[in-house]
Undergrad: 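Take a look at this one; I'll ask things after.
Numbering starts at 1 and runs along the sequence shown. First listed ligand is number 1; within each ligand, the first listed atom is number 1.
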Amino acid sequence: MTEISYKRFGLDRTELLKKIQQAMSEKRFQHVLGVEQACIELAERFDGDVEKSGLAGLTHDYAKERPDSDFIKIIGQKNLDPQLLNWGNAIWHGVVGAYIVEDELGITDAEILEAIQLHTSGKAQMSKLAKILYVGDYIEAGRNFPGVHEAREAAKKSLDDGVAFEALHVLTYLTQQRKKIYPLSLETYNNYVGQ
Ligand SMILES: [Fe+2]
Ligand SMILES: [Fe+2]
């Protein structure tokens, strides 16, 4: 594992790891370590900000195991779009979870927080960092689902190829399961896949 420092953001990685580990299952902790590494590699490959990418990867699922009541409370407290109440943990842990990351882990970088907000859905115009996290979350070394090999191959070509592969597969899965599609997920599909 590449040793990386987050001192530039006023953060000590060891301290951060402690807080993150306490907030989640061992399985998820291994996942976020994998995403940190995947994001670092994508940043190295595509000339991104390596430290920002690693930090986004490490913290992106920090809020994932919070109870729904925490997210619902924050949606009210921070005056977020009330439409968010129609969704659930899959959307909340990113969109709302970024506020928890900011408050509890002390991450203030707006680009990192936005990447965390978008990590499950993407959106039409994503920053390079948001693409790195969206893709890194999907292809980290611990992932093992049908199609992950192709996803990794797509992510070797370009970040946009990686985003497109994932956006198509997410949408295919959601429609097959007759699940609701979050509007930003559709935006990502239309912008990166649809012609
Ligand atoms: Fe997530
Ligand atoms: Fe994740």
Undergrad: State plainly whether one hydrophobic cluster holds both W92 and L105, where clusters connect Ile, Leu, Val, Met, Phe, Trp and Tyr through side-chain heavy atoms under 4.5 angstrom apart.
TA: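 Yes; L105 is reachable from W92 via cluster members.
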Undergrad: With a cut-off of 2.8 Å, does H93 put an N/O/S atom close enough to the Fe ion (ligand 1)?
TA: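 Yes.
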Undergrad: Tell me whether D61 has at least one N, O or S atom under 2.8 Å from the Fe ion (ligand 1).
TA: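 Yes, within the cut-off.
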Undergrad: So how far is it from F46 CZ to S53 OG, rounded to the nearest 0.5 Å?
TA: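 Result: 12.0 Å between the selected atoms.
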Undergrad: Would you call the rings of F165 and H169 parallel, tilted or perpendicular, taking 30° and 60° as the class edges?
TA: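 Rings of F165 and H169: parallel, as their planes differ by under 30°.
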Undergrad: Mind reading off the angle at the Fe ion (ligand 2) between the NE2 atom of H31 and the NE2 atom of H60, rounded to 10°?
TA: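 Taking the Fe ion (ligand 2) as the apex, the two atoms subtend 100°.
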Undergrad: Using the ring of each side chain (for Trp, its six-membered ring), is H60 parallel, tilted or perpendicular to H119, with breaks at 30° and 60°?
TA: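 Aromatic pair H60/H119 classed perpendicular.
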Undergrad: Do you know which N/O/S atom name in D137 is closest to the Fe ion (ligand 2)?
TA: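 Answer by atom name: OD1.
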